[in-house]
Asker: 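Before we start, here is the structure in question, set down as structure tokens.
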2 protein chains.
Amino acid sequence: MGFGNVSERRSAPPQVGVSVVILALGPEHAEAQDDSGRSQLWLPLVRRVRQPFLGRWALPGGNLRADRSLEQSAFEALESTTALHPRYLEQLYTFGDPDRSHGGLPMVSIVYWALVEREEANGVDRGSDLADAIGRDDAGSDSSGDVSVRATADGDGNVRWFPEHDLPPLAFDHRAIIDYALERLRSKIEYSDVATRLLGPTFTLRQLHDVYEAIAGQDIDLANFRRKMLASGDLEDTGLKRREGRQRPAAVYRYVPRRPQDAGSAYAIDRAVKRDEDEPDTVDSALAALIPSARG
Amino acid sequence: MGFGNVSERRSAPPQVGVSVVILALGPEHAEAQDDSGRSQLWLPLVRRVRQPFLGRWALPGGNLRADRSLEQSAFEALESTTALHPRYLEQLYTFGDPDRSHGGLPMVSIVYWALVEREEANGVDRGSDLADAIGRDDAGSDSSGDVSVRATADGDGNVRWFPEHDLPPLAFDHRAIIDYALERLRSKIEYSDVATRLLGPTFTLRQLHDVYEAIAGQDIDLANFRRKMLASGDLEDTGLKRREGRQRPAAVYRYVPRRPQDAGSAYAIDRAVKRDEDEPDTVDSALAALIPSARG
DNA sequence: CCAAAAGTGTTTTGTGTACACCCATGT
DNA sequence: ACATGGGTGTACACAAAACACTTTTGG
């Protein structure tokens, strides 16, 4: 029990916190698309209310509690700052270089990344009205000088969505962290189901295709994409049809991995979500939630 | 909700430490090979000198210092416990579930993994002189970890190498952590130069081939392997010849990535190695050292 | 009937694998 | 010369890319 003499703080250990990079697709037909009409990734940022970097935009974050798993801490940070409900949550990296605090206390940040489905991102947080819901991209300018600090009041102003390609200046090394998260997303899309986490539980092949193009940032042959996806055997036809445009309706699919697969992260979410009462993690479950897939 | 950032700590934060999974190839012709005569991976463990898990084998570890980067802390932990000099060092994952301490204080362990080249691993340690290796405390344990414990420099018995497939019972969740590190190694071998880090700076294609087989745990067609490696364009013929067996000598190659590549980790090592005096990291360099490659 | 999107076929190109074979070297 | 490991050639299976084509739907 009391072996770790808490009293010994010799070379003062750094502070530790959690941050989360949250990603979602922008609204479908808004200006939330790039030149070529593709959807884009958007992410919510929060305005800092203290030094250093007071007034700048930063990643949502929170504290670590000794009685919570890291995942839970990340989930709570995400939820309490943005009121969002992620469909995917995975540890990204732990940052701790001494100088990243830029005047603050030395800080170790355990960073997670999360995916939120388009519907929720555009509905919940943008106040259910698409138009003004989306943080118009005066974003870039806004951050420029405005250091006004909204009251710590709940609702608004302190959280805003920005498109991946038009981020404001960020606090600390958060910009680089976001880039790293995007890189991770782009690589994981090739061998896991992350793409589906940006859509609802069911989707058409075209929708899925659009997600892939949004993330890859380039055109992908639709015919080949369709064949490849279907050949993977992980898509199950729900039998339903859904019309996106105004022409022929498309088949609706559901993602159903055949192998144990990358169940890790999905499980992680389930746990974080349904854990009201805590039951202790077993080492195994902790690890299960950890091991993302065959390819670390 | 006032914590849109990473700087405020309140409910008792957990302790934080660093641990390292160190991997190297076993000696060439010893029993360090599996049934089919393949080389195997070995790793050094340290014996715990306190509760919980007193007497059990565990990963080498150490403390975090607020004035050191995580990488440096990992490097120091590695060096001070095993006296080894890694050719590769990369962050693996951060573990922090509340129950992983099993009776100790809640503990967050930032785990790194490292590769040591066969020569050094076998030279320094195997055999009988564990000489300067010291049994320091590991992080997963009681962070209490005072750096002074290492004074028990009696020198040996506290560090020992074990083959991957014959590990003793381990403390905490260290067994699962090791498995995760092996998984990471097995996946990274496909798209980075990690394999070469288990050999010296130069090597023959057969040596490299053996490393791949050792890591994959299965036979790999030598002819195709050779072609694939040469086609990658990352191997440079040194013009030298080296005889492994007693027959025809083989061409000696050096790894020379053409693209910026996965320079991250190599750089990380360089930094850790040459840092006697500290110069502050820039955020950029920290990130450069971080981003392992195209595939997170 | 037309436009637009869903969905299919077919050819070409490239990559991985199996395995037969030749070459260089020391005994 | 011959055994051993170094090194090359080649044929086949299969997956990915390119792109022409057919089908279904709403106007």
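Owing to the predicted nature of the structure, the values given are computational and were not obtained by experimental measurement. Computation of the quantities below employed the complete heavy-atom set of this structure, encompassing side-chain atoms and omitting hydrogens, waters and symmetry-equivalent molecules. Lettering follows sequence order; numbering is per chain, from 1.
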Asker: Give the rounded distance in Å between these two atoms: CG of L230(B) and P of dG6(D).
Answerer: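 Spelled out: CG on L230(B) to P on dG6(D) is 13 Å.
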Asker: Using a 4.0 Å cut-off on protein heavy atoms (strictly under), produce a 5'-to-3' string for nucleotides 15-27 of chain D with B for base contact, S for backbone-only sugar-phosphate contact, and - for none.
Answerer: --BBB---BBBS-
Asker: Could you check how far CG of L222(B) sits from C1' of dG6(D), rounded to whole Å?
Answerer: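 To the nearest whole Å, that distance equals 8 Å.
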Asker: Output yes when a side-chain donor or acceptor of R87(A) lies under 3.5 Å from a complementary backbone atom of E117(A), and no otherwise.
Answerer: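 Not at all, since once roles are kept as given, no pair shorter than 3.5 Å links the two residues.
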Asker: Just verifying a value: how many Å separate T202(B) OG1 and Y255(B) OH, rounded to the nearest 0.5 Å?
Answerer: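 Going from the OG1 atom of T202(B) to the OH atom of Y255(B) covers 15.5 Å.
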Asker: Is any side-chain N of the basic residue among D237(A) and R254(A) closer than 4.0 Å to the acidic one's carboxylate O?
Answerer: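 Not counted as a salt bridge, because no side-chain N and carboxylate O are separated by less than 4.0 Å.
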Asker: Mind checking the CD-OG spacing from Q207(A) to S39(A)? Nearest 0.5 Å is all I need.
Answerer: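 Taking CD in Q207(A) and OG in S39(A), the distance rounds to 10.0 Å.
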Asker: Can you measure from CD (E183(B)) to CH2 (W113(B)) and round to the nearest 0.5 angstrom?
Answerer: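 Reported value, rounded in 0.5 Å steps: 11.5 Å.
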Asker: Along DNA chain C, 5' to 3', what are the outermost nucleotides having an atom less than 4.0 Å from a heavy atom of chain B?
Answerer: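 From 5' to 3', the first and last contacting nucleotides are dT17(C) to dG26(C).
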Asker: Salt bridge or not between E164(A) and R186(A)? Use side-chain N to carboxylate O under 4.0 Å.
Answerer: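 Judged by the 4.0 Å cut-off on N to carboxylate O distance, E164(A) and R186(A) do form a salt bridge.
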Asker: Rounded to whole Å, how long is the line connecting atom CG of L205(B) with atom P of dG7(D)?
Answerer: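 Value for this atom pair: 7 Å.
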Asker: Please walk me through it: do Q91(A) and Y93(A) pass side chain to side chain donor-acceptor pair (under 3.5 Å)?
Answerer: CA-CA 6 Å; Q91(A) 189 178 307; Y93(A) 198 83; over 6 Å; no
Asker: Grab the CG-C1' distance between D237(B) and dG6(D) for me, whole Å please.
Answerer: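 After rounding, the gap between these two atoms is 13 Å.
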Asker: When you measure from the side chain of D221(B) to the backbone N and O of N224(B), does any donor-acceptor pair fall under 3.5 Å?
Answerer: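 A pair under 3.5 Å: yes.
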